[in-house]
Amino acid sequence: MMAADSNQLPLSDAMLTNAFLSLIERIINHILQLDEQLASRLNNIEDKRLLIEIRDWQQLILCHFSGQKIHLYATDEQDADCLISANIDTLLSLKNPAMLTQLIRQEQLDLHGDLNVAQGFSRAFSEINIDWPEQLSRYLGDAAAQQCWQTLSTLLTRGNDNKKKLESTLTSLCQDELAVSIHPLELAQFKQQNRDLKGRVSQLELRINALLKSQ
């Protein structure tokens, strides 16, 4: 299933890369079985080749959906329907398809080829909907599975709430107390002042040019 081009990789690196991709591939294909609608969402881009360049890993990974399965390959070829290039943190944020064009505008991500391919993969996995109580009931029974899922959901909600509170506290501390970070309002004001300054400089430049031409 896995095919790696190891001409430019040391044997140990190639083996580690293949082992990692094989694990990720098995996990993704297991998710395909848990969410019956996921495969149907991927049908629109079946056999389309998405090449992912992970810049900070210096790694190219080819991904395509075929035979109702996801296939991942380490490669050094550039032949694909779509190429996206970014750091791993940026790529992980693509679970939200709307982030694609925003990240491109921010120059955090490069994309070449068919945008629909990248959006198709991103959209399909962002809409994953697994009935976890049903999956757990196969091992725990209906009542225990429901109780377990409610407990886990409560813990996850509390964890997210605490994370947001911590982030808000740290942001406030950096901006207001330590003054090591720019407040969003201050940043917006700075950008507006910068635009005004550029406008005045442009007007001054036009006046100077006009005076030079009149002499």
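Index from 1, following the sequence. Keep in mind that the numbers below use all heavy atoms, side chains included, and drop hydrogens, waters and symmetry copies. Not measured: the values here are computed from a predicted model.
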Side-chain ion pair, Asp110 and Arg55, N-O less than 4.0 Å: yes

Heavy-atom side-chain contact between Phe121 and Ile70 under 4.5 Å: yes

Any residue meeting side chain to side chain donor-acceptor pair (under 3.5 Å) with Asp47, in chain and number order, not counting sequence neighbours: Ser66

Residue list, side chain to side chain donor-acceptor pair (under 3.5 Å) with Gln102, at least two apart or on another chain: none

Can you tell me how far apart [atom1] ([X]) and [atom2] ([Y]) are? Round to the nearest 0.5 Å.
{"X": "Ile28", "Y": "Glu25", "atom1": "CD1", "atom2": "CD", "answer": "8.0 Å"}
{"X": "Leu50", "Y": "Ile45", "atom1": "CG", "atom2": "CD1", "answer": "8.0 Å"}
{"X": "Ser85", "Y": "Leu109", "atom1": "OG", "atom2": "CG", "answer": "7.0 Å"}
{"X": "Gln119", "Y": "Asp114", "atom1": "CD", "atom2": "CG", "answer": "9.0 Å"}
{"X": "Ile27", "Y": "Leu23", "atom1": "CD1", "atom2": "CG", "answer": "4.0 Å"}
{"X": "Asp81", "Y": "Leu115", "atom1": "CG", "atom2": "CG", "answer": "13.0 Å"}

Evaluation steps, side chain to side chain contact (heavy atoms under 4.5 Å, CB included), between Glu46 and Asn43: CA-CA 5 Å; Glu46 185 169 11; Asn43 283 336; 4.1 Å; yes

Derivation and outcome, ring pair (Phe, Tyr, Trp, His ring centres under 6.0 Å), residues Tyr73 and His64: CA-CA 9 Å; Tyr73 307 91; His64 73 99; 5.8 Å; yes

Ser22 side-chain N/O to Asn18 backbone N/O, donor-acceptor pair under 3.5 Å: no

Any donor-acceptor pair under 3.5 Å from Arg49 side chain to Cys63 backbone: no

Verdict with supporting geometry, Thr90 and Leu103, side chain to side chain contact (heavy atoms under 4.5 Å, CB included): CA-CA 8 Å; Thr90 301; Leu103 290 170; 3.6 Å; yes

Can you sort out the partners of [X] under side chain to side chain contact (heavy atoms under 4.5 Å, CB included), two or more places apart, ordered by chain and number?
{"X": "Ile54", "value": "Ile52, Asp56, Trp57, Ile61, Ile88, Leu91"}
{"X": "Ile128", "value": "Ile31, Asp35, Leu38, Arg41, Phe125, Ile130"}
{"X": "Leu83", "value": "Leu51, Glu53, Gln78, His112"}
{"X": "Thr101", "value": "Arg105"}

Derivation of the side chain to side chain contact (heavy atoms under 4.5 Å, CB included) call for Cys82 and Lys48: CA-CA 8 Å; Cys82 178; Lys48 296 293 186 181; over 6 Å; no

Glu107 atom CD: more than 12 heavy-atom contacts under 6.0 Å: no

Gln59/Leu21 under side chain to side chain contact (heavy atoms under 4.5 Å, CB included): CA gap, chis, key distance, verdict: CA-CA 12 Å; Gln59 181 66 58; Leu21 290 180; 5.8 Å; no

